Amino acid sequence: MMDPHPRMMRAVVIPRYGEADVLEIRELPVPRVQDREVLVKVAAAGLNRADILQRRGRYPAPPGSPAEVPGLELAGEVVTAAPDAARFLPGDRVFGITGGGAQAGFVAVDERQLARIPKRLGWAEAAAVPEAYITAHDALVTQADFREGDRVLINAAGSGVGVAAIQIIRALGGMSFGSSRTARKVERCLSIGMDAGIVLSGDPSPLVDAVSKWTAGAGVDIVLDLVGGPYVGVGVTCLARRGRLICIGTIAGREATIPLGQLLAKRLRVFGTVLRSRSTEEKAGVVSAFEADLLPLLQGGALRPIVDAALPVERVVDAHRLLESDSTFGKVILTFD
Ligand SMILES: NC(=O)c1ccc[n+]([C@@H]2O[C@H](COP(=O)([O-])OP(=O)(O)OC[C@H]3O[C@@H](n4cnc5c(N)ncnc54)[C@H](OP(=O)(O)O)[C@@H]3O)[C@@H](O)[C@H]2O)c1
């Protein structure tokens with residue numbers, strides 16, 4: 001039986017900034033629950049680019065999150081809850097998002113940032129859901145006003161967020177097109193429902209002709225830009241009249257040149273998003289939209305989380321190196337006993 005009052009836990013720690021080998025596994029005290037928090041025994045936790053940036057000293061934890069223990073998403077079992085937390089009972093299987101601290105044996109999370117895991121998902125699959133599917137759903141549906149029939153271009157289509165977006169777009173009746181620098185990833189994206197794709201060498205300009213061909217000259221309604229840099233200006237060129245481009249990541253560069261004539265003439269919207277630094281109330285909002293729109297699709301199997309690799313937490317250094325290699329398709333997950 002699970003100890004109801006565990007005192008110590010293993011956690012991934014960033015003791016100083018640097019390459020993957022700075023990471024350590026340490027014994028730390030189990031966090032205490034505060035207002036509306038639930039203590040979750042973590043079974044699996046997703047790895048994200050944000051963890052790599054945090055390890056390099058370029059993405060500090062937001063206020064209220066542990067500075068040294070990374071981890072933005074988790075799947076696990078409820079152990080205990082604060083007196084004013086009422087959504088879950090001990091033993092419930094939950095997954096969700098947090099500002100940090102999830103790559104540990106236990107994490108305390110506001111109950112509104114958690115949802116119940118559909119029965120069909122194992123721990124690693126469940127941990128592959130929160131960041132990728134919530135980010136993609138919030139960007140597409142809540143912020144970019146996705147409608148049935150919309151055509152969406154996804155740059156870095158084989159990423160964790162990219163493959164989630166492909167599945168969501170298909171389930172909601174849209175069309176997806178995507179780019180990757182890896183031919184194998186484009187093939188795999190096509191096999192999970194992407195309508196067409198292109199392999200790029202690093203220069204995104206061939207996207208303009210490809211999108212024109214795929215959409216018979218109309219352009220796409222939405223660009224889900226996961227990479228930034230030169231992809232943003234090219235994405236604007238790929239948009240149809242009244243199209244929306246949402247910047248989600250800057251892995252290819254933090255600056256962009258945008259053809260403003262097109263922005264005006266096509267009446268476009270270009271905007272950005274981030275999940276981690278949002279308030280608890282805002283995170284509660286995205287989680288409840290996710291529960292309403294996506295949980296039934298996960299339950300029914302229309303959305304199938306893709307795990308590239310699930311490694312025991314002792315191999316966190318390998319996990320970081322794997323994600324940094326750009327060779328993964330879907331998510332990298334850390335598992336706990
Ligand atoms: N705003 C938010 O709240 C939020 C939340 C989650 C993720 N993100 C961001 O969204 C992006 C995707 O995240 P993820 O976890 O899904 O990523 P991921 O699984 O790590 O995949 C990222 C992929 O991007 C491609 N890539 C890497 N460097 C590139 C470059 N210089 N130019 C073009 N493509 C490049 C690589 O694929 P190929 O080499 O095959 O092209 C790589 O596999 C990241 O930028 C991440 O930081 C933002």
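In each ligand, atom 1 is the first atom listed, and ligand 1 is the first ligand listed. Values in this document were obtained by computation on a predicted structure and should not be read as measured data.
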Purely on distance, is any nitrogen or oxygen of Leu226 under 3.5 Å from one on ligand 1?
yes
Are any of the N/O atoms in Ala252 less than 3.5 Å from those in ligand 1?
no
Taking atom CZ of Arg304 as the centre, report whether more than 12 heavy atoms of other residues, nucleotides or ligands fall under 6.0 Å from it.
no
Could you measure the distance from the CE atom of Met9 to the CD1 atom of Ile25? Nearest 0.5 Å is fine.
11.5 Å
Can an N or O of Thr273 be found at a distance shorter than 3.5 Å from an N or O of ligand 1?
yes
List for me each residue that meets side chain to side chain donor-acceptor pair (under 3.5 Å) alongside Gln262, sequence neighbours excluded, and say none if there are none.
Thr237, Lys266
So is Arg276 polar-close to ligand 1, meaning N/O to N/O under 3.5 Å?
no
Any heavy atom of Tyr231 sitting closer than 4.0 Å to ligand 1?
yes
Could I get the full list of side chain to side chain donor-acceptor pair (under 3.5 Å) partners for Ser327, not counting sequence neighbours?
Ser325
Proximal candidate to atom 34 (N) of ligand 1 [heavy atom criterion; set Ile246, Val227, Asp203]:
Val227
Kindly confirm or rule out an N or O of Ala156 lying under 3.5 angstrom from an N or O of ligand 1.
no
For ligand 1, is there an N or O atom under 3.5 Å from any N or O atom of Ser180?
yes
Would you say ligand 1 has an N or O under 3.5 Å from any N or O of Gly160?
yes
When you measure from atom 13 (O) of ligand 1 to every protein heavy atom, which one gives the shortest distance, and what is it?
Val161 CG2, 4.0 Å
Can you find an N/O atom of Arg49 closer than 3.5 Å to an N/O atom of ligand 1?
yes
Going by heavy-atom distance to atom 27 (C) of ligand 1, choose the closest among Lys185, Arg278, Arg181, Lys331.
Arg181
